[in-house]
Every structure is written in C-alpha cells, then in structure tokens.
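A short worksheet on the structure shown next.
Sequence positions, counted from 1, serve as the residue numbers for this chain. Keep in mind that what you see is a predicted model, and the values were worked out from it rather than measured.
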Amino acid sequence: MSIKLETRSQHTCFDGVQGFYQHHSEIIGLPMRFAVYEPPLARQQRVPVLFFLAGLTCTEETFMIKAGAQRYAAELGLMLVSLDTSPRDTGIAGEADDWEIGAGAGFYLDATEPPWSKHFHMESYVTQELCHIILSKFPADPERMGIFGHSMGGHGALTLALRHPGLYQSVSAFAPIAAPINCLWGQKAFSHYLGESTDSWQKHDATALIESGHRLPPSLIDQGLNDPFLAEQLHPEYFETACQKAGQSLLLRRHAGYDHSYFFISTFIQDHLQHHLAHLTSSTRQ
C-alpha cells in the first residue's frame, strides 16, 4: 500500500510531538485527516498506541485539543491517535444537513446502503488502513494497541474491539452509545447506513455482540449521571447486564454531577490511559 502523508502541522507538546496529518484514503476514496501524539519515549523505541474515536460532530482535532491527554501520555509513554468521524465533501446531497447522520456521524461501520456505501467505510478505514499507516509511519508497537472513544466513538471502540478480536489488547469508553438498536441515534444511523434489517444492526451493537458470544479484554466505561443523553440514547445498563450474564469483565463507573462534555472526559482521562497501559503491558508477548 503506497502511503503519502501530508503534514498539516506539528507542535512540541510535553516534550513530545503533536502532529496533524492528511492522506488520500484508498478505502474511503477521499482525503482523510488524523492526528498523532508521539510521547518523548517514541524517539527511542516503539511505544504502545491508543486509537481514540470521537463522537458526533467531532473531528480529528477535538480530542487532542480538549481532553488534556498529552500530559499523561508523555509521562506514561503512550502514543495517541485520533481521526475524523466520517468522510467529508462526499458529494452526497444533504450530507451535512443533519448532525446525526452523514458528515461527522460515520458511526464507525461500513455502510451497505446507497448513497452512503460509496464512501462511508469507517470500520475498514480504522481497523485496516489507518492501522497500517500508524504502524508503518510512526514508532507504534503492533503488539500493544488499544482503542477507546466517546459517545458515538465509545460505540465504535466497543464494537470494533468485539468485531476484530485480537487486534486491540485494551478497551475503554466514555459515555458510549452502548445499545444503539434501542435508541433513536442508533436506529436512525443504522437504517440509513445498513438498511432496515435489524439482523445487520445487531452486528454493530455492542450489547447484542456480547449476547451473541463476542468478547472483549477487561474493559472500563465511565458515565456521567448528569449526562442529558443517558436515559434515551446511551443505555449503559443494557451493556452492563449483558456483560454480567456473559461473564465479561467490565468496570462501569457512574459519576454524579458529570455530563457528556470534554470537561467530563478530561477529568477521567488519566484513569483511562493508566487502564490501557496496565493491559498493554501485561499483554506484551515474551
């Protein structure tokens, strides 16, 4: 795979490098943007890498600017990768008219329904093309990869880890859409991207995947109890129940007073990076 990266900008950050990049994606068929934070340790050796999937309306910049993760990543020796949440400027009529579908709302799946099926291949992009770019162009350790995300990206982190066993050795999420077939966000996105068959929907629903026998590394989820989307859109209790019945290791922490914002994420980001490092260190092959 021939890869030509355009460096949009680079910034020294906690003695590491925060970079923003663009390339032509063969899988998407359009330009895609992503961001990488390389900790100081990456100048000496390959380091564990965490892929962060952002939520609805976000871009590759959101997490890197708002989460405050670089300070801890520098200390722990972790590489961070974030990416745009969908293809952009696809030519699809009305692609940016509705924040819940289309631009900024790729849901980390491969669309099968036109017009979305031409470019909306986010699952393959994340698990194949972007993964290859990071491992070939940056000093990331292929044996120590983790994935996490927020909201729609929390859904993506859980489902991609469930659907691609062995690819990621650590998983966590902030306020994930944990049972999308049971909420309006998920039903709307799935009907547009995957059609009306709920059988295909279940293959991209974290709760349904656990119920059908898929498994994760021991996982961490943080959820704010002041989250305005908790009751109608997120349903972490469905995922928690499925994990309990299946014997899936899950730590679901509920936090009074916290909402759905990056103020919430930045409060607990250190815990998530430490969670990943612990599992990525233990998973290192001898």
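Using a 4.5 Å heavy-atom threshold, the side chains of M122 and I28 count as touching. Here the side chains of Q187 and W201 are in contact, with some heavy-atom distance below 4.5 Å. Side-chain contact between L209 and R163: present, with at least one pair of heavy atoms (C-beta onward) separated by less than 4.5 Å. Side-chain contact between L252 and S219 is absent, with no heavy-atom pair separated by less than 4.5 Å. Counting only heavy atoms from C-beta outward, the side chains of L80 and V49 never approach each other to under 4.5 Å. When side chains are defined from C-beta on, V126 counts as touching L53, because their heavy atoms get closer than 4.5 Å. Looking at F52 and L83, their side chains never come closer than 4.5 Å, going by heavy atoms from C-beta outward. Using a 4.5 Å cut-off on side-chain heavy atoms (C-beta onward), E6 and K4 make no contact.
No hydrogens or angles considered: nothing links the side chains of S25 and H23 as a donor-acceptor pair under 3.5 Å. Of the N and O atoms on the side chains of H276 and S170, at least one donor lies less than 3.5 Å from an acceptor on the other residue. Side-chain N/O atoms of Q18 and Q70 include a donor and acceptor closer than 3.5 Å. The closest side-chain donor-acceptor pair between H272 and Q270, if any, does not fall under 3.5 angstrom. Using modelled atom types and a 3.5 Å distance limit, the side chains of H164 and E123 yield a donor-acceptor pair. Using modelled atom types, one finds a donor on one side chain and an acceptor on the other under 3.5 Å when comparing H11 with S9.
Between F264 and Y258, the ring planes lie tilted relative to each other; the angle falls in the 30° to 60° range.
In this structure, the separation between CD on Q202 and CZ on F190 is 10.5 Å, given to the nearest 0.5 Å. Distance check, rounded to the nearest 0.5 Å: CD of Q233 to CG of L184 gives 5.5 Å. Interatomic distance, CD of Q244 versus CD1 of I210, reported as 12.0 Å (0.5 Å rounding).
In terms of modelled atom types and a separation under 3.5 Å, the side chain of S82 and the main chain of F63 share no donor-acceptor contact. Side chain of S86 to backbone of G104: a donor-acceptor contact under 3.5 angstrom is found. The backbone N or O of L41 lies less than 3.5 Å from no partner atom in the side chain of Q45, so there is not a single donor-acceptor pair.
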What do the steps show when you test R254 against E240 for salt bridge (charged side-chain N to carboxylate O under 4.0 Å, His left out), and what is the final call?
CA-CA 12 Å; R254 296 171 170 88; E240 181 180 41; 2.8 Å; yes
May I have the step-by-step check of side chain to side chain contact (heavy atoms under 4.5 Å, CB included) for H235 and C183, ending in yes or no?
CA-CA 8 Å; H235 298 306; C183 75; 4.2 Å; yes
Between L5 and F138, is a side chain to side chain contact (heavy atoms under 4.5 Å, CB included) present by the stated rule, with each step listed?
CA-CA 12 Å; L5 289 185; F138 298 88; 4.1 Å; yes
Carefully, step by step, assess N182 and Y238 under the rule side chain to side chain contact (heavy atoms under 4.5 Å, CB included).
CA-CA 9 Å; N182 289 294; Y238 292 2; 3.7 Å; yes
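Residue pairs that meet the salt bridge (charged side-chain N to carboxylate O under 4.0 Å, His left out) test with at least one member in residues 68-93, sequence neighbours left out, are D84-R88. Annotation: salt bridge (charged side-chain N to carboxylate O under 4.0 Å, His left out) contacts involving residues 29-57, sequence neighbours excluded, comprise D15-R43. Legend: salt bridge (charged side-chain N to carboxylate O under 4.0 Å, His left out) pairs involving residues 96-117, not counting sequence neighbours, sorted by first then second residue: D98-K188, E100-K188. Within the structure, ring pair (Phe, Tyr, Trp, His ring centres under 6.0 Å) pairs that include any residue of residues 74-96 do not occur (at least two apart or interchain). The list of salt bridge (charged side-chain N to carboxylate O under 4.0 Å, His left out) pairs with a residue in residues 213-233, not counting sequence neighbours, reads D222-R253.
The other members of the hydrophobic cluster of L220, by chain and number, are L251 (side-chain heavy atoms under 4.5 Å, ILVMFWY only).
Ring centroids of F120 and Y125 are separated by 6.0 Å or more, keeping the two rings apart. Taking the six-membered ring for Trp and the full ring otherwise, H155 and Y108 have centroids separated by 6.0 Å or more. Aromatic ring centroids of F148 and H275 lie 6.0 Å or more apart. You'll find the ring centres of H204 and F107 outside the 6.0 Å limit. Between F20 and F34, the ring centre distance reaches or exceeds 6.0 Å.
Summarising the geometry of T127 relative to C131, their closest heavy-atom pair is O-CB, 3.6 Å, with the distance given to 0.1 Å. When every heavy atom of S151 is checked against every heavy atom of W185, the shortest pair comes out as OG-CZ3, 3.9 Å. A206 and T159 make their closest contact through N-CG2, 3.7 Å (heavy atoms, listed as atom of the first residue, atom of the second, distance).
One hydrophobic cluster, built from ILVMFWY side chains closer than 4.5 Å, holds both I265 and L277.
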